[in-house]
2 protein chains.
Amino acid sequence: MRKEASRTTGRPTLAEVARLAGVSQITASRALRDVPTVDPVLVSKVREASKALGYVPNPAARTLASARSQSVVVLVPALSNQLFIETLEAIHSVLRPRGYDVLIGNFHYSRHEEEELIRNYLAIQPCGILLTGFDRTDASLRMLEANRIPCVHMMELTKAEDVFSVGFSQESAGAMVARHLLARGKRRLAYVAAQLDARVVRRGEGFRRALAEAGVNALGLAVPDPSSVGLGGELFDRLLRQHPDVDGIFFCNDDLAHGAIFEAQRQGISVPGRIAFVGFNDLPMSAHIVPRLTSVRTPREDVGRHAAHLMLALLAGAEVRDRTIDLGFELVVRESS
Amino acid sequence: MRKEASRTTGRPTLAEVARLAGVSQITASRALRDVPTVDPVLVSKVREASKALGYVPNPAARTLASARSQSVVVLVPALSNQLFIETLEAIHSVLRPRGYDVLIGNFHYSRHEEEELIRNYLAIQPCGILLTGFDRTDASLRMLEANRIPCVHMMELTKAEDVFSVGFSQESAGAMVARHLLARGKRRLAYVAAQLDARVVRRGEGFRRALAEAGVNALGLAVPDPSSVGLGGELFDRLLRQHPDVDGIFFCNDDLAHGAIFEAQRQGISVPGRIAFVGFNDLPMSAHIVPRLTSVRTPREDVGRHAAHLMLALLAGAEVRDRTIDLGFELVVRESS
DNA sequence: GTGAAAGCGCTAACAA
DNA sequence: TTGTTAGCGCTTTCAC
């Protein structure tokens with residue numbers, strides 16, 4: 001059943017391609033790698049020979065000889081979240097067609113698990129690495145520093161020197177929602193949050209600050225519990241008891257908003273007639289699941305695409321001027337299909 | 001910024017470990033790979049030397065020398081589906097700690113995209129491959145056949161010779177739901193389906209057949225459109241108009257059921273009082289999103305875990321008696337948290 | 001049970 | 001612009 005141990009793969013090698021093309025092995029190598037200093041005539045000869053033999057480069061040999069693989073590692077905090085899934089898809093769609101392998105690591109929101117992944121993945125000599133956010137252990141930072149491979153940070157932004165990041169500002173998202181609700185004439189506004197990670201907190205700060213600038217005091221209800229649809233209903237109910245006159249709510253994510261919609265429907269409360277809801281689609285549910293909700297949409301595909309292209313530029317050794325790419329947010333109203 | 005081209009990685013090599021341990025390189029190699037014919041005393045010497053130097057094997061060199069990598073490829077039809085995400089997680093959790101790299105390929109439910117992935121991934125000489133289902137192109141089959149690497153099929157079952165599969169029977173899932181509803185005294189039963197892929201259809205067949213055996217005729221409503229929450233509401237509404245006396249519905253997946261719950265609530269219809277719903281959690285939404293729904297739960301983690309362990313057995317060259325692992329289904333009632 | 005030699009397939013380094 | 005040489009770090013092969 002198993003293929004017995006052997007030395008060769010049986011596949012055509014670069015040497016055979018070179019022989020067929022009538023050039024030296026290194027010229028064939030250069031031709032196939034698009035090294036610019038090769039005579040175009042020879043390039044096409046090599047290309048033909050390669051095609052004729054059905055040559056496929058051996059990545060292991062390439063990695064061994066060059067001390068650098070064609071693998072790009074991507075580390076995300078979760079796979080249960082559509083945001084990251086779609087980001088990964090976008091990265092794949094940019095990198096795979098260009099011959100890179102994409103290795104996915106899920107660190108389950110744990111800095112130490114991330115450190116372990118970095119340690120393990122550096123063993124395969126990746127040519128680049130894509131990270132989520134900036135919160136990592138010192139050991140992680142040191143390993144990345146020591147390996148000197150191109151590194152792109154996703155989802156968050158920094159102005160630090162020599163750091164490449166593609167993301168968006170949580171504060172502006174919060175502020176955007178505040179302005180949206182104010183513009184609709186709402187004045188008793190609340191932020192309902194669960195699962196208080198740094199991003200959720202910063203979103204709330206942006207919300208509160210923008211309201212404060214308009215002279216409006218933000219109500220709030222924040223619990224550390226993991227977010228869920230059920231919790232959304234509960235929190236909505238609690239908020240209503242505390243502040244029966246609330247007329248606008250920003251939910252830190254869509255599943256809370258979803259539970260609240262459910263609960264509002266049960267209680268016969270008109271949304272957005274009496275209370276306007278705004279969600280934030282940064283959690284497990286994909287956008288189309290919550291019907292008719294105004295929500296902040298994170299530009300998920302864009303993050304992946306931009307991050308991957310930035311990585312390509314770095315791998316090509318290009319001079320990158322914009323080390324920071326701020327993608328911003330959109331406020332969208334989704335209609336159930 | 002980029003690490004300039006170089007030959008060496010700078011990391012300690014097996015030769016250095018061997019020198020420090022006072023053995024030959026090949027003995028060090030064997031010791032670290034747990035080849036049984038090595039003196040235990042030498043093994044521990046090598047282990048120590050390895051630890052002292054912080055030795056990490058170079059996978060590229062290993063792959064080149066042995067013509068076989070430590071990578072296991074997993075091909076899934078989608079990442080937007082929690083079922084596959086959780087399966088992948090389980091596979092990772094089994095294979096990574098044992099030193100295997102897991103390469104994920106998403107073929108977007110396209111046989112041709114799958115073929116392309118197989119072609120590309122075989123280039124890296126994976127040591128094994130995990131596939132979803134049995135529907136693939138002839139070219140794919142030929143490539144897999146020609147490469148003779150261990151191959152495990154997930155999600156579906158077969159009795160074919162020399163084929164390893166881990167999954168469950170769609171027909172029995174349908175039959176199970178039929179029996180469940182009958183046992184609750186329901187007699188006007190319907191199957192509501194969208195996105196009619198082979199699995200959805202077979203589920204319906206199992207449902208209908210089990211009902212027929214009990215002398216009950218199944219109602220039905222099936223559309224080819226992609227499944228969504230909104231569509232669930234619509235189909236439910238349509239079904240009610242056609243068959244106002246329906247008292248039990250099997251939705252081919254949870255998001256249809258979810259939309260129907262929404263719609264039932266709007267219309268003031270008691271569920272499960274007047275109509276019992278059964279869902280099937282095989283689609284984008286994760287289980288906890290739909291509150292209070294009786295649903296067929298696919299044993300997602302189990303599929304991954306069992307498939308990965310089967311792969312380990314094959315990689316170890318073990319004799320595998322049970323080529324087919326049927327995991328069955330559970331019928332669970334989820335309460336909103 | 002252990003080792004010496006050879007070589008996997010490719011690219012870096014240097015030379016022409 | 002092209003080629004020669006050497007070697008990446010490991011495992012297979014075969015001899016002891």
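Labels below follow one simple rule: chain letters A, B, ... track the order of the sequence lines, proteins then strands, and each chain is numbered from 1.
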- What is the distance, rounded to the nearest whole Å, between atom CD1 of B:Ile124 and atom C1' of C:dG9? 16 Å
- Just jot down the side chain to side chain donor-acceptor pair (under 3.5 Å) partners of A:His108, sequence neighbours excluded, or say none. A:Asn106, A:Glu113, B:Glu89
- Sort and list the pairs that fulfil salt bridge (Lys or Arg N to Asp or Glu O under 4.0 Å) and have at least one residue in residues 129-141 of chain B, not counting sequence neighbours. B:Arg111-B:Asp135, B:Glu114-B:Arg136
- Side-chain donor-acceptor pair present, B:Asn58, A:Gln125, cut-off under 3.5 Å: yes
- Message: B:Phe168: which residues meet the ring-ring contact (aromatic ring centres under 6.0 Å, His included) condition with it, sequence neighbours left out?
- Response: B:Phe329
- Query: Among B:Val76, B:Val303, B:Asp302, which residue meets the side-chain contact (heavy atoms from CB on, under 4.5 Å) test with B:Thr87?
  - Reply: B:Val303
- Over how many whole Å does the gap from B:Leu64 atom CG to C:dT11 atom C1' extend? 12 Å
- Query: How long is the line joining CZ of B:Arg7 and C1' of D:dG9, in whole Å?
  - Reply: 12 Å
- Task: Determine which pairs satisfy salt bridge (Lys or Arg N to Asp or Glu O under 4.0 Å) with at least one residue from residues 20-39 of chain A, sequence neighbours left out, and list them in order.
- Result: A:Asp34-A:Arg47
- Would you mind reading off the distance between B:Arg19 atom CZ and D:dG9 atom C1', rounded to a whole angstrom? 13 Å
- Reckon A:Thr9 has a side-chain N or O less than 4.0 Å from the OP1 or OP2 of C:dG9? yes
- Message: Nearest 0.5 angstrom please: A:Arg68 CZ to A:Thr63 OG1, how far?
- Response: 10.5 Å
- Query: OP1 or OP2 of C:dT11 sitting under 4.0 Å from any side-chain N/O of A:Arg62?
  - Reply: yes
Short N/O separations, protein against nucleotides 1-4 of chain C, under 3.5 angstrom:
{"unit_1": "C:dT2", "atom_1": "OP2", "unit_2": "B:Asp39", "atom_2": "N", "d": "2.6"}
{"unit_1": "C:dG3", "atom_1": "OP2", "unit_2": "B:Ser24", "atom_2": "N", "d": "3.4"}
{"unit_1": "C:dG3", "atom_1": "OP2", "unit_2": "B:Ser24", "atom_2": "OG", "d": "3.1"}
{"unit_1": "C:dG3", "atom_1": "OP2", "unit_2": "B:Thr27", "atom_2": "OG1", "d": "2.5"}
{"unit_1": "C:dG3", "atom_1": "N7", "unit_2": "B:Arg30", "atom_2": "NH2", "d": "2.7"}
{"unit_1": "C:dG3", "atom_1": "O6", "unit_2": "B:Arg30", "atom_2": "NH2", "d": "3.3"}

- Tell me: CZ of A:Arg68 to C1' of C:dT11, nearest whole Å? 13 Å
- Message: Without decimals, in angstroms, what is the distance between B:Leu32 CG and D:dG9 P?
- Response: 16 Å
- Message: When you compare the side chains of B:Glu115 and B:Thr137, does any donor N or O come within less than 3.5 Å of an acceptor on the partner?
- Response: yes
- Is the shortest side-chain N/O distance from A:Arg33 to OP1 or OP2 of C:dA12 below 4.0 Å? yes
- Note on the structure: Numerically ordered, the residues 44-59 of chain A set in heavy-atom contact under 4.0 Å with DNA chain D is none
- Message: Within this structure, what is the CD1-SG distance for the pair A:Ile149 and A:Cys151, rounded to the nearest 0.5 Å?
- Response: 7.0 Å
